[in-house]
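Remember, predicted model here, so these are calculated numbers, not experimental data. Index from 1, following the sequence.
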Amino acid sequence: MDQAGKPTGLMGVLFGWVMHRSNRQMNQTIAESIQLAGDESLLEIGCGTGDALALLAPRLPDGRIVGIDHSEVMVRRAIKTNRQYQNVTIELAGLESYSAKPEAFNWVLVSNVHQFWQDPLECFCRIKELLKPDGVVTVAVRIHNPKNRSFFSKIGYNQAKQDELFEQLKQAGFTNLQLTRKDLQQVEILLVQASVNSDRHPL
């Protein structure tokens, strides 16, 4: 699990290759769930290999995308993946060390990193500060299914963890939580989208 939280060295490179292959369907599903006009700003926290950003970049021709990750191995991979896109910036940083002005983004994406945060509530409060008044956060997690023997299903979220995630978002001040379950080839995923403003519907 250490490599999953922060890939390093040769094993980190190998883990990046595994992530690229195993997360392909998940990244596609996430990208399709985010409705974009083309001029918004988007931040992905824990961008990993940068594959989700590469799917979103062509849909933001007049916008900007920032991906941050605290793994040097992943940052190098993400930069390579997105080298053709002028609207994408990749930075070596974790959420706690990332410096950005308040209300800098319309969207914040968090995929498969929430489980590694020591203080999720504090992190969601920080995300809320980074979002514009009409901003939306998208959180994607794998769901545990006892009938599915795949590794990613085994480490997925059970109902207690899902309920805990919802409560953390609510305590951070997010509203209009929208839940979408997607049954992919090897694993089922949960997409949670929530708004900063109670008048803003995330979907």
Side-chain angles (χ1 to χ4, degrees), residues 16 19-70 74-95 98-114 123-141 165 169 172-182 184 189-203:
M19 288 173 59
H20 168 70
R21 291 182 61 85
S22 64
N23 289 340
R24 187 174 297 166
Q25 282 187 302
M26 187 171 186
N27 285 327
Q28 185 67 50
T29 301
I30 292 167
E32 291 172 356
S33 76
I34 299 178
Q35 298 182 3
L36 299 170
D39 60 351
E40 298 99 323
S41 54
L42 182 147
L43 169 69
E44 182 177 10
I45 299 166
C47 65
T49 56
D51 292 312
L53 301 184
L55 293 171
L56 292 163
R59 296 172 52 200
L60 285 168
D62 300 314
R64 69 184 184 97
I65 294 178
V66 178
I68 62 172
D69 203 292
H70 61 183
M74 291 295 99
V75 166
R76 288 196 298 268
R77 175 68 181 263
I79 290 174
K80 185 177 181 180
T81 301
N82 290 274
R83 61 183 179 275
Q84 71 187 89
Y85 300 115
Q86 300 300 313
N87 58 341
V88 177
T89 302
I90 310 294
E91 298 186 25
L92 178 63
L95 177 59
Y98 177 59
S99 59
K101 294 180 179 180
E103 300 183 2
F105 298 97
N106 300 100
W107 289 88
V108 171
L109 170 59
V110 181
S111 177
N112 292 327
V113 297
H114 167 263
C123 289
F124 281 130
C125 289
R126 169 64 173 148
I127 288 171
K128 191 169 183 287
E129 292 175 357
L130 292 172
L131 281 164
K132 296 178 184 293
D134 64 346
V136 174
V137 61
T138 295
V139 184
V141 297
L165 167 61
L169 283 163
F174 286 98
T175 62
N176 295 333
L177 271 69
Q178 303 293 322
L179 317 178
T180 305
R181 291 176 182 267
K182 295 285 186 178
L184 306 182
I189 67 169
L190 176 69
L191 295 176
V192 184
Q193 292 184 315
S195 307
V196 170
N197 191 321
S198 61
D199 295 328
R200 167 75 159 92
H201 197 287
L203 299 177

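Considering only residues two or more places apart in sequence or on other chains, Ala57 meets the side-chain contact (heavy atoms from CB on, under 4.5 Å) condition with Ile65, Tyr85, Asn87, Val88. A search for side-chain contact (heavy atoms from CB on, under 4.5 Å) contacts involving Ala140 returns Met26, Ile30, Ser111, Leu191, not counting sequence neighbours. The ring pair (Phe, Tyr, Trp, His ring centres under 6.0 Å) test applied to Phe105 returns no partner, not counting sequence neighbours.
Between Leu169 and Leu177 there is a side-chain heavy-atom pair separated by less than 4.5 Å. Side-chain contact between Gln28 and Leu55: present, with at least one pair of heavy atoms (C-beta onward) separated by less than 4.5 Å. In this structure, Thr138 and Val110 have side chains that are not in contact, with every pair of non-hydrogen atoms separated by 4.5 Å or more. Between His114 and Leu165, the closest side-chain pair of non-hydrogen atoms falls below 4.5 Å. Contact of the Leu131 side chain with the Phe174 side chain is registered, since non-hydrogen atoms from C-beta on lie closer than 4.5 Å. Ile79 has its side chain out of reach of Thr81: every pair of non-hydrogen atoms, C-beta onward, lies at least 4.5 Å apart. Contact annotation: the side chain of Val66 approaches that of Tyr98 to within less than 4.5 Å [non-hydrogen atoms, C-beta and beyond]. Within the 4.5 Å cutoff, the side chain of Leu42 has heavy atoms near those of the Ile34 side chain.
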Legend entry - Audit row: Leu190, Leu179, side-chain contact (heavy atoms from CB on, under 4.5 Å) steps and yes/no: CA-CA 7 Å; Leu190 176 69; Leu179 317 178; 4.3 Å; yes
Inset, instruction - Using the side-chain contact (heavy atoms from CB on, under 4.5 Å) rule, take Leu92 and Asp69 through it: C-alpha gap first, then chi angles, then the decisive distance, then the call. - result: CA-CA 5 Å; Leu92 178 63; Asp69 203 292; 6.0 Å; no
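A donor-acceptor contact shorter than 3.5 Å links the side chain of Glu40 to the backbone of Gly38. A distance-only check finds a donor-acceptor pair linking the side chain of Arg83 to the backbone of Lys80 [under 3.5 Å]. Although no hydrogens or angles enter the test, the distance criterion places a donor-acceptor pair under 3.5 Å between the side chain of Asn82 and the main chain of Gly50. Checked by atom type and distance alone, the side chain of Asn176 never pairs as donor or acceptor with a backbone atom of Ala194 at under 3.5 Å. Distance alone, capped at 3.5 Å, places no donor-acceptor pair between the Arg64 side chain and the Gln86 backbone.
Among all heavy-atom pairs drawn from Ala52 and Leu109, the shortest one is CB-CD2, 4.3 Å. Nearest heavy-atom pair, Val75 versus Glu91, reported as atom, atom and distance to 0.1 Å: CG2-O, 3.8 Å. The shortest heavy-atom contact between Leu43 and Leu130 is CD2-CD1, 3.9 Å.
For the residue pair Thr49/Asp51, the side-chain donor-acceptor check at 3.5 Å is satisfied.
Other residues, nucleotides and ligands place more than 12 heavy atoms under 6.0 Å from the NZ atom of Lys132.
No option in Leu53, Ile90, Leu56 other than Leu53 meets the side-chain contact (heavy atoms from CB on, under 4.5 Å) test with Glu44.
A distance of 7.5 Å separates SG of Cys123 from CD1 of Ile45, quoted to the nearest 0.5 Å. With values rounded to the nearest 0.5 angstrom, Glu32 atom CD is found 7.5 Å from Lys182 atom NZ. The NZ atom of Lys128 sits 9.5 Å away from atom CD of Glu103, with the distance rounded to the nearest 0.5 Å. For the atom pair NE2 (His70) and SG (Cys47), the distance works out to 10.5 Å, reported to the nearest 0.5 Å.
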